[in-house]
Amino acid sequence: MSLSKRLGKIMPAIVLSPSLAVVTLCVYGFMAYTALLSFTDSKMFARFDFVGWRQYGRLFESPRWIIAIENMAIFGTLYIVCATCLGLFIAILIDQRIRFEGVFRAVFLYPMALSFVVTGVIWQWLLNPGLGLEHMMRELGWTSFTFQWLIEPNRAIYTIVIAGVWQVTGFVMALFLAGLRGVDTEILRAARIDGAPIHKVYTRIIIPALRPAFLTVFVIEAHLAIKSYDLVVALTKGGPGVSTELPSTFMYSMTFTRNELAVGAASATVMLVTLASIIIPYLYSELRHEPTT
Amino acid sequence: MSLQLDAESAAILSPGIDLRISRILGRYFVYGCLVVLAAIFLAPLISMLFTSLKSMDEIRSGNILSFPKALTFEAWQHVWGSACIGVTCGGLKGYFGNSFLIVVPATLISVGFGALNGFVFANWRFRGDHILFGLILFGCFIPLQIVLIPMAGLLGVLHLAGTIPGLVLVHVVYGICFTTMFFRNYFVTIPAEIFKAARIDGAGFWAVFVRILLPISWPIVMVSIIWQFTGVWNDFLFGVSFAAGSSQPVTVALNNLVNTSTGTKAYNEDMAAAMIAALPTIIIYVAAGRYFLRGLMAGAVKG
Amino acid sequence: MKMANLAINHINKSFGNLTVLKDIDIAIEDGEFLVLVGPSGCGKSTLLSIIAGLDDHTSGSITIDGKSVQGLEPKERDIAMVFQSYALYPAMTVEQNIGFSLEMSKMPKPERLERVGKVADLLQIRHLLKRRPGQLSGGQRQRVAMGRALVREPKIFLFDEPLSNLDAKLRVEMRTEIKKLHQRLGATIVYVTHDQIEAMTMATRIAVMKDGILQQFGTPEDIYDRPANVFVATFMGSPPMNLLPAVIVDGSQGLSIQGADAMLPVPFSAVTRAPQGKKVLLGIRPEWLSLASTSTYQPTLDLYVEVVEPTGPDIFVALRLGEREIMGRLPTGSRTRVGEKARFAVDLSKAVLFDAETGIAI
Ligand SMILES: Nc1ncnc2c1ncn2[C@@H]1O[C@H](COP(=O)(O)OP(=O)(O)O)[C@@H](O)[C@H]1O
Ligand SMILES: [Mg+2]
């Protein structure tokens with residue numbers, strides 16, 4: 001075999017190998033490294049003196065981490081439920097053969113083009129107790145209106161939900177809209193001719209047919225929720241106090257400001273495992289349906 | 001599955017007049033809801049724009065949605081050129097430039113590699129190819145917190161810590177997973193017979209890629225470029241973790257400007273800064289919204 | 001024009017543990033038109049890909065002009081291929097599409113354009129040279145795909161169901177055109193189809209395949225008149241060959257048709273190989289039946305006419321013999337009426353006997 005022919009045969013491998021090397025190192029190697037680190041007693045620098053599960057014990061005894069997890073549960077649940085319901089509702093409205101559909105879609109989707117930091121900054125302004133929404137409502141005549149969630153430790157987490165839902169709803173709407181457009185119109189016609197009222201058509205035929213879309217929406221939302229970091233930093237800085245701490249902000253401060261590298265690594269590992277338990281089954285089911293070409 | 005269609009088929013069965021009334025009511029309901037929701041969704045953007053064009057006095061006297069009576073670009077000028085961020089007082093413009101210096105190479109390199117990888121994954125069958133692709137796919141979805149610590153170490157070893165090339169590297173590494181997926185999923189839809197014909201015609205790897213594939217790939221190239229551009233531009237976590245001082249991207253500078261200022265908050269400046277940081281991606285969204293949406297949908301793995 | 005003989009020697013092919021080709025053995029001479037025919041999924045395209053060098057085989061060998069092509073890339077085998085989907089390069093003009101292989105072999109541009117022009121004239125597509133595939137009709141794309149193969153002046157042409165995406169009328173036209181091209185160029189052609197009419201009309205040799213196994217290899221007349229087994233008998237020909245279950249009686253002289261009170265003599269060609277009492281299938285093509293004149297010397301059957309379908313040149317008649325249904329094909333003008341019983345002569349000199357158990361011709 002000539003040299004050029006042999007080169008041609010292995011060209012795909014040559015082309016693929018830099019990326020594979022990088023992904024192997026920087027995704028899987030780093031995952032392993034971080035997981036390993038979580039079993040050491042590293043503080044400011046990585047040191048490989050293994051201490052077993054001790055850092056995980058410390059993690060789950062830390063009140064700050066517990067708050068982060070509780071906030072994650074509140075934020076995650078509300079974020080997913082609100083964005084899903086609102087997104088589905090808007091998708092159904094847009095699917096009614098309306099005029100200016102493109103304009104409406106663009107209006108609902110644009111927040112997705114913004115950085116989470118920008119979103120955080122905007123909502124910090126809109127919800128600020130002095131000059132924001134409260135001020136406007138009072139000016140409009142509702143003098144007793146108070147809205148101070150941003151500075152109330154028990155409420156601040158909901159402002160993150162509001163901003164997050166505002167940002168992601170358009171995307172959820174688009175995913176549902178694609179699903180709705182895929183529903184077989186023949187079946188719907190038949191159902192209507194059979195005399196099914198319109199709400200029944202939705203609850204019995206269309207929404208069940210959207211199951212794959214629901215799954216995708218859920219996975220995307222869960223993924224975004226668990227990774228949320230920028231939004232919290234920009235909107236509340238985790239405060240007041242640590243009242244809007246999330247696992248991501250916890251991990252960052254442990255790692256980069258508190259010199260608790262191992263605890264940071266342990267929290268990152270918990271985040272990875274949580275996310276992987278959602279993503280892997282999803283990817284598996286998505287890929288399994290692919291034809292092998 | 002439109003209301004019209006449903007109403008038409010229902011009209012066959014029931015007396016028309018009541019139905020027509022409820023149909024008109026239904027239309028009012030649909031448009032009413034949409035207009036109200038659209039207004040709510042637009043309000044933050046409008047408020048951001050209006051506020052950035054007001055003086056602080058007017059902000060105090062007006063409300064979040066009131067139109068600026070005396071338009072002023074002072075806030076814009078100040079945050080662009082002279083606001084103090086960290087220890088320097090040169091405004092956002094340097095950081096805005098940094099973001100471009102990071103985004104452009106990171107986008108081009110990751111899209112280039114993604115196109116080649118996608119081509120290989122779509123057209124070469126080898127042992128474990130599906131597993132390998134699955135591993136790359138999973139790389140799209142990891143929480144990036146898991147790589148922060150070792151990546152900081154690696155950048156240190158490479159003497160890239162705190163530099164723009166370092167950030168480019170990081171964005172390329174984690175962008176490749178997405179671009180590979182985009183291109184692979186696009187290329188598998190191209191009929192296999194085209195590649196067979198090319199082989200018979202004697203075209204090698206690069207001839208097939210450059211002459212046959214690339215000329216028909218511009219939609220997915222657009223999608224990937226826009227995805228990477230917005231993703232890297234909007235990044236905060238990598239920027240705040242790996243960039244130092246004057247090499248920070250605009251998102252980090254924006255956060256510093258807004259959240260570390262002392263004294264009374266200058267909301268007009270905050271909004272002007274947010275507008276500046278948001279402008280490139282908003283322009284892309286307006287100019288190429290179709291590709292932006294396609295990228296989002298493809299990023300949801302759905303083909 | 002160059003041409004070559006081709007030998008496919010004991011080719012086996014499996015994908016994992018799925019065997020798709022079993023011991024395929026075919027050899028053709030220079031300038032032959034070999035048609036591989038069989039139902040979808042029987043391995044025709046796989047065999048063609050192996051000849052082209054696009055796919056590896058598990059065992060066996062391919063020789064072109066007596067030389068093994070083992071390990072040669074497709075471009076080194078001096079072959080050209082036309083695909084079912086045409087596989088034109090979407091971003092290139094027709095001219096670039098046709099000239100691409102020459103460009104890849106670094107032929108200088110003036111010479112290349114001349115070759116492309118000649119082929120375009122041959123196929124009457126010169127006016128399309130500057131267009132892109134998206135701007136062409138199905139028939140035009142088909143021609144471009146042929147042009148891409150012709151321009152290489154290969155030793156062997158490979159066609160993979162090239163006409164199956166055309167409408168019926170165009171398909172017949174192109175069939176004739178490809179046949180003319182073959183006669184004009186004298187090239188060696190391997191042509192894959194699942195359409196038995198295409199096979200019959202175009203081939204000088206037919207290889208009938210099923211489930212990865214070669215059923216019969218021969219001239220169209222062999223295949224049609226002397227099918228090797230029941231599968232070939234029914235797959236080739238439309239309407240298919242009638243198969244009547246029968247038992248050999250009278251010391252190997254007579255055939256007792258099962259499910260009907262009828263007797264026929266054993267076809268002469270099979271007498272020595274059909275022992276008394278053997279269960280067989282009697283194969284009769286529809287056109288081997290004719291309305292019997294009073295003076296016929298051929299054996300006859302009295303059949304009940306159930307359906308009459310004039311098609312223009314022929315009349316198809318569905319006939320009944322006891323429990324058995326028989327299709328007949330009569331010339332236009334034959335006088336038959338539904339519901340009547342008529343006497344039909346059977347051309348037993350052509351009839352074929354199959355072993356009822358194995359399905360193999362006796
Ligand atoms: N790459 C492949 N991997 C696995 N099985 C294949 C592959 N290509 C073809 N087959 C199988 O081989 C058989 C023959 O396919 P093919 O040659 O395309 O049939 P035909 O062209 O006669 O319709 C089919 O059962 C098909 O499913
Ligand atoms: Mg085939």
Side-chain angles (χ1 to χ4, degrees), chain A residues 8 11-12 15-16 19 22-23 26-27 30-31 33-34 90 93 96-97 104 106-108 110 113-115 117-118 121-122 125-126 131-132 135-136 139 171 174 183 185 188-189 192-193 195 198 216 220 223 226-227 229-230 233-234 237 248 251 255 265 268 271-272 275 279 283 286-287 293, chain B residues 1-4 6 9-10 13 30 33-34 37-38 41-42 44 47-48 59 63-64 113 116-117 120 124 134 136-139 141-143 145-147 149-150 173 176 188 192 204-205 230 234 236-237 251 254-255 258-259 267 270-271 274 277-278 281-282 285 289 292-293 296 300-302:
Chain A
M11 188 54 83
V15 163
L16 203 53
S19 304
V22 160
V23 169
C26 297
V27 175
F30 284 7
M31 267 187 214
Y33 183 92
T34 305
I90 297 176
L93 291 179
Q96 307 296 330
R97 283 204 188 165
F104 279 113
V107 166
F108 291 116
Y110 86 89
L114 303 180
S115 160
V117 179
V118 171
V121 171
I122 298 176
W125 153 240
L126 293 176
L131 297 168
H135 181 65
M136 182 172 85
E139 214 186 46
F171 182 25
V183 176
T185 49
L188 300 180
R189 245 186 234 253
R192 291 297 282 160
I193 297 211
I198 192 140
T216 306
I220 296 290
H223 174 235
I226 293 175
K227 294 213 306 197
Y229 171 71
D230 339 15
V233 171
K237 286 184 272 186
S248 55
M251 184 273 164
T255 307
M271 289 174 68
L272 174 70
L275 197 55
I279 294 286
L283 287 183
E286 286 283 303
L287 289 182
T293 35
Chain B
M1 72 119 275
S2 72
L3 196 68
Q4 239 163 351
D6 291 328
S9 39
L13 302 161
V30 167
C33 285
L34 277 174
L37 283 166
F41 270 76
L42 264 182
S47 176
M48 171 164 71
I59 289 176
N63 69 44
I64 44 175
F113 272 105
L116 287 169
N117 295 343
V120 173
W124 270 267
I136 288 198
L137 208 52
F138 181 65
F141 293 98
I142 55 167
Q145 281 78 12
I146 198 80
V147 301
I149 299 169
V173 168
I176 277 179
V188 289
F205 183 92
T230 45
N234 288 340
F236 177 74
L237 183 63
T251 47
L254 169 65
N255 185 56
V258 172
N259 284 331
Y267 284 114
D270 289 2
M271 290 304 112
T281 51
I282 289 185
Y285 178 72
F292 178 80
L293 179 60
L296 283 180
V301 188
K302 288 267 168 241

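Note on naming: letters A, B, ... go to the chains in the order of the sequence lines (proteins, then strands), and numbering restarts at 1 for each one.
Looking at Ala192(B), there are no atoms closer than 4.5 Å to chain A (heavy atoms on both sides), in backbone or side chain. Contact of Ile279(A) with chain B is made through the side chain alone, with heavy-atom distances under 4.5 Å. Using a 4.5 Å cut-off between heavy atoms, Tyr110(A) touches chain B through backbone and side chain atoms alike. Contacts of Lys237(A) with chain B are made by side-chain atoms alone, with heavy-atom separations under 4.5 Å and no backbone atom involved. For Ser248(A), the parts lying under 4.5 angstrom from a heavy atom of chain B are both the backbone and the side chain.
Note that CG of Leu16(A) is 6.0 Å distant from CD1 of Ile136(B), once rounded to the nearest 0.5 Å. Here the CE-CD1 distance, from Met271(A) to Ile142(B), works out to 11.0 Å after rounding to the nearest 0.5 Å. Interatomic distance, Ile90(A) CD1 to Leu37(B) CG, rounded to the nearest 0.5 Å: 5.0 Å. In this structure, Tyr229(A) OH and Leu237(B) CG are separated by 6.0 Å, a value rounded to the nearest 0.5 Å. Leu126(A) CG to Ile64(B) CD1: the interatomic distance, rounded to the nearest 0.5 Å, is 5.0 Å. In this structure, CG in Leu275(A) is found 10.0 Å from CD in Gln145(B), a value given to the nearest 0.5 Å.
When all heavy atoms of Cys26(A) and Val173(B) are compared, the closest pair comes out as CB-CG1, 3.4 Å. Pairing each heavy atom of Leu293(B) with each of Ala174(A), the nearest pair is CD1-CB, 3.5 Å. Contact record, Gly139(B) with Val27(A): CA-CG1, 4.2 Å, taken as the closest heavy-atom pair.
Side-chain atoms of Ile149(B) and Met251(A), non-hydrogen and from C-beta on, do get closer than 4.5 Å to each other. Looking at heavy atoms from C-beta onward, Ser47(B) lies out of side-chain contact with Ile122(A) at the 4.5 angstrom threshold.
Options Gly204(B), Cys33(B), Ala274(B), Pro143(B) differ in how many heavy-atom pairs under 4.5 Å they form with chain A, and the most are formed by Pro143(B). Ranked by heavy-atom pairs under 4.5 Å with chain A, the first of Ala278(B), Pro44(B), Gly289(B), Ala38(B) is Pro44(B). The candidate from Val107(A), Val22(A), Val23(A) with the greatest count of non-hydrogen atom pairs under 4.5 Å with chain B is Val107(A). Between chain A and the options Ile59(B), Thr281(B), Val120(B), Leu116(B), the largest number of non-hydrogen pairs under 4.5 Å is found for Val120(B).
Proximity of the aromatic rings of Phe41(B) and Phe108(A) is defined here by a centroid distance below 6.0 angstrom, and this criterion is met.
Of the possible donor and acceptor atoms, none in the side chain of Tyr285(B) sits under 3.5 Å from a partner among the backbone N and O of Leu114(A). At distances below 3.5 Å, not a single donor-acceptor pair connects side-chain atoms of Tyr267(B) with backbone N or O atoms of Trp125(A). Checking side-chain atoms of Thr34(A) against main-chain N and O of Ile146(B) turns up a donor-acceptor pair under 3.5 Å.
Partner of Asn255(B) under the side chain to side chain contact (heavy atoms under 4.5 Å, CB included) criterion, chosen from Val118(A), Val121(A), Val117(A): Val117(A).
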Apply side-chain contact (heavy atoms from CB on, under 4.5 Å) to Phe141(B) and Leu283(A), showing your working. CA-CA 10 Å; Phe141(B) 293 98; Leu283(A) 287 183; 4.0 Å; yes
